[in-house]
Q: 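Just dropping this structure here.
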Amino acid sequence: MRKTLMCVICGWIYDEELGAPDHGIAPGTKWEDVPDSWSCPECGAGKSDFDMIEL
Amino acid sequence: MAGYSVAREIRRLDPEHVIAIVTEEGGGYYYKPAISNALRMKKTASALVMKDLSRLSTELGAQFVVGEAERVDAADNKVVLKDGTELGYENLVLATGSQPRKIELAAADHHVFDVNSLAQYGRLREHLQQGMRIAVIGSGMIGCEIAEDLLQHGVKPLVITPDAYPLQRMLPVEIGTRLETILEAAGVEWYCAMKTMRVSAEGSAYAMSVDEGTSLSVDAFLVAAGQVPRTELAKAAGIRTSLGIVVDECGLTSVPNIYALGDCAEYTSGWLPYIAPISFASKAVALSITGQATKMVFPPMPVKLKTHTYPISLLPPVSMEGVTAELETTVKGQKLLYKESTGAICGFVLAGEVAREADAIAKTMTLAT
């Protein structure tokens with residue numbers, strides 16, 4: 001099941017299918033596999049500041 | 001923003017901690033940088049609110065007190081609000097932010113705007129009408145972003161600035177003038193290197209004379225002449241301030257149990273009035289408050305300018321000593337790399353399509369240090 005998460009600080013959305021290729025995360029990367037040190041490309045918030053959302 | 005961020009971090013560390021947040025923003029939480037893109041997104045002020053106060057309060061397990069703090073009584077460990085309410089504290093976090101630098105204009109208050117808060121954005125958006133001409137005073141990040149955003153709303157921006165070119169303090173002349181040209185083609189009128197400015201009412205609009213010569217006609221003013229940290233509360237309480245509220249590596253001010261972060265604070269590495277540092281500063285402050293004094297660690301954090309027609313990401317070098325700059329211009333934009341004598345990249349300005357490489361380059365810098 002494809003997951004989508006939103007940064008609670010700025011609203012930036014991580015979609016597993018798209019990944020974040022400009023920010024070091026290849027398309028198709030599962031959220032669990034995104035490193036803990038990764039931070040939101042828009043606002044710099046940590047991985048723990050993301051909440052699961054339904055699109 | 002900084003207050004919300006610290007509260008989240010404290011709650012994460014300690015489910016029992018009692019948190020009270022004093023705010024003038026009764027409408028709820030919003031992401032402030034979104035304001036300078038909100039016209040393009042066709043968003044009203046209320047549409048920018050991500051969470052209202054009741055939802056925030058439940059999520060954070062925190063009490064929200066809507067009001068304005070009048071003074072801090074450090075001897076008695078309490079904050080007194082304008083309405084007389086007194087709040088006792090064990091630890092106090094000052095996250096008072098910054099405010100736009102005031103500019104004297106001979107114009108009615110209801111024709112002078114800024115974009116420093118949701119309420120101000122709401123005022124501006126309600127006032128704007130297609131075909132209006134707005135004088136944007138200042139050509140920093142906010143001035144440039146909002147000028148581009150006004151165009152999207154069918155409003156003509158006239159940017160008036162003492163600087164020789166936009167973002168003079170952050171960009172080399174080659175990149176700044178390119179941004180100027182690109183935004184001009186999109187519809188922005190520039191009045192750079194202006195030394196004087198005179199305003200007089202003319203019917204329901206205003207006549208402006210810049211540099212004693214050029215005459216302009218505008219309908220309203222948007223002040224974007226830089227931000228000033230809000231330090232009055234701290235100053236009056238005897239807390240040491242310089243440019244901002246001076247804090248040590250853990251975010252502690254000169255007074256015990258009082259911390260500061262965000263736009264109001266001056267860190268050991270300087271004043272960083274941007275979003276990304278808040279996330280790192282709030283972690284250190286929350287840990288320090290919950291009993292584990294922790295120093296702030298800021299990784300290289302590129303600053304991103306949201307000018308969509310010519311996006312720019314930059315990261316100035318910590319020191320310019322022995323640093324050389326190399327500018328490469330391609331169809332994908334302009335790439336300026338600052339290098340140490342060893343050849344290692346220590347900063348950059350990326351403009352155009354190459355701006356998206358910012359995080360990748362910043363990451364190589366983390367590895368190098």
Side-chain angles (χ1 to χ4, degrees), chain A, chain B residues 1-9 11-13 29-35 37-38 41 43 47-51 55-56 59-60 272 274-283 286 297-304 306 311 313 350 353-364 366-367:
Chain A
M1 178 63 192
R2 164 189 183 182
K3 271 194 296 198
T4 323
L5 298 101
M6 185 172 81
C7 172
V8 298
I9 303 292
C10 71
W12 192 85
I13 288 171
Y14 180 81
D15 180 325
E16 287 188 336
E17 193 171 304
L18 305 174
D22 287 344
H23 311 285
I25 310 295
T29 305
K30 288 208 176 308
W31 183 247
E32 302 84 276
D33 298 330
V34 171
D36 288 337
S37 61
W38 185 78
S39 61
C40 174
E42 166 63 32
C43 72
K47 195 183 163 187
S48 54
D49 286 319
F50 279 76
D51 281 349
M52 198 92 75
I53 52 162
E54 307 280 335
L55 277 189
Chain B
M1 295 227 31
Y4 172 50
S5 196
V6 170
R8 277 181 63 82
E9 294 296 337
R11 182 56 70 232
R12 193 173 281 155
L13 293 163
Y29 172 76
Y30 63 96
Y31 180 59
K32 194 169 157 189
I35 291 180
N37 262 289
M41 305 302 281
K43 286 196 170 171
L48 287 174
V49 174
M50 292 171 71
K51 280 171 190 169
R55 183 160 157 215
L56 270 182
E59 266 184 31
L60 286 172
L272 304 171
Y274 311 110
I275 288 304
I278 291 176
S279 164
F280 300 94
S282 63
K283 285 187 175 66
V297 181
F298 296 118
M301 297 170 287
V303 173
K304 295 166 189 178
K306 288 176 293 193
S313 288
L350 308 173
E353 221 181 292
V354 292
R356 52 201 294 205
E357 295 172 19
D359 286 348
I361 298 178
K363 210 168 173 184
T364 65
T366 327
L367 295 175

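The basis for the numbers below is simple: all heavy atoms, side chains too, and nothing from hydrogens, waters or symmetry mates. Letters go in sequence order (proteins before strands), and every chain restarts at 1. This one's a predicted model, so the numbers in the text were calculated from it and none came from an experiment.
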Q: Is M50(B) close to chain A through its backbone or its side chain, or both, or neither, when contacts mean heavy atoms under 4.5 Å?
A: side chain

Q: Search all heavy atoms of W31(A) against all heavy atoms of E16(A) and return the closest pair with its distance.
A: N-OE2, 2.7 Å

Q: Among residues 18-27 of chain A, which residues come closer than 4.5 Å to chain B, judged by heavy atom distances?
A: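 So far as heavy atoms go, D22(A), H23(A) are the residues that approach chain B to under 4.5 Å.
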
Q: For A276(B), is there any backbone N or O sitting under 3.5 Å from a side-chain donor or acceptor partner on S279(B)?
A: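 No, because the side chain of S279(B) does not come within donor-acceptor range (under 3.5 Å) of the backbone of A276(B).
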
Q: Is the closest side-chain heavy-atom distance between C43(A) and W12(A) below 4.5 Å?
A: no

Q: Against chain A, work out which of R8(B), E357(B), K283(B), K306(B) has the most heavy-atom pairs shorter than 4.5 Å and name it.
A: R8(B)

Q: Could you walk me through whether M1(B) and I9(A) satisfy the side-chain contact (heavy atoms from CB on, under 4.5 Å) test, starting with their C-alpha distance in whole Å, then the side-chain angles of each, then the deciding distance to 0.1 Å, before giving a yes or no?
A: CA-CA 8 Å; M1(B) 295 227 31; I9(A) 303 292; 3.7 Å; yes

Q: Just jot down the side-chain contact (heavy atoms from CB on, under 4.5 Å) partners of D33(A), sequence neighbours excluded, or say none.
A: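 Listed in chain order: T29(A), K30(A).
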
Q: For the pair M6(A) and D51(A), evaluate side-chain contact (heavy atoms from CB on, under 4.5 Å) and give the outcome as yes or no after the intermediate values.
A: CA-CA 5 Å; M6(A) 185 172 81; D51(A) 281 349; 5.7 Å; no

Q: Checking E59(B) against chain A: side chain, backbone, both or neither under 4.5 Å from a heavy atom?
A: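 The answer is neither part of E59(B).
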
Q: Of the non-hydrogen atoms in R356(B) and E353(B), which two are nearest, and what is the gap between them?
A: CG-O, 2.9 Å

Q: In terms of heavy-atom proximity below 4.5 Å to chain A, should Y29(B) be classed as side chain, backbone, both, or neither?
A: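 The answer is the side chain of Y29(B).
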
Q: Under a 4.5 Å cut-off applied to non-hydrogen side-chain atoms, are K43(B) and V49(B) in contact?
A: no

Q: Which region of Y4(B), side chain (C-beta onward) or backbone (N, CA, C, O), has a non-hydrogen atom less than 4.5 Å from a non-hydrogen atom of chain A, or is it both or neither?
A: side chain

Q: Quick one: does any side-chain atom of K47(A) pair with a main-chain N or O of V34(A) as donor and acceptor, under 3.5 Å?
A: yes

Q: Among K304(B), K51(B), R12(B), which residue has the highest count of heavy-atom pairs closer than 4.5 Å to chain A?
A: R12(B)

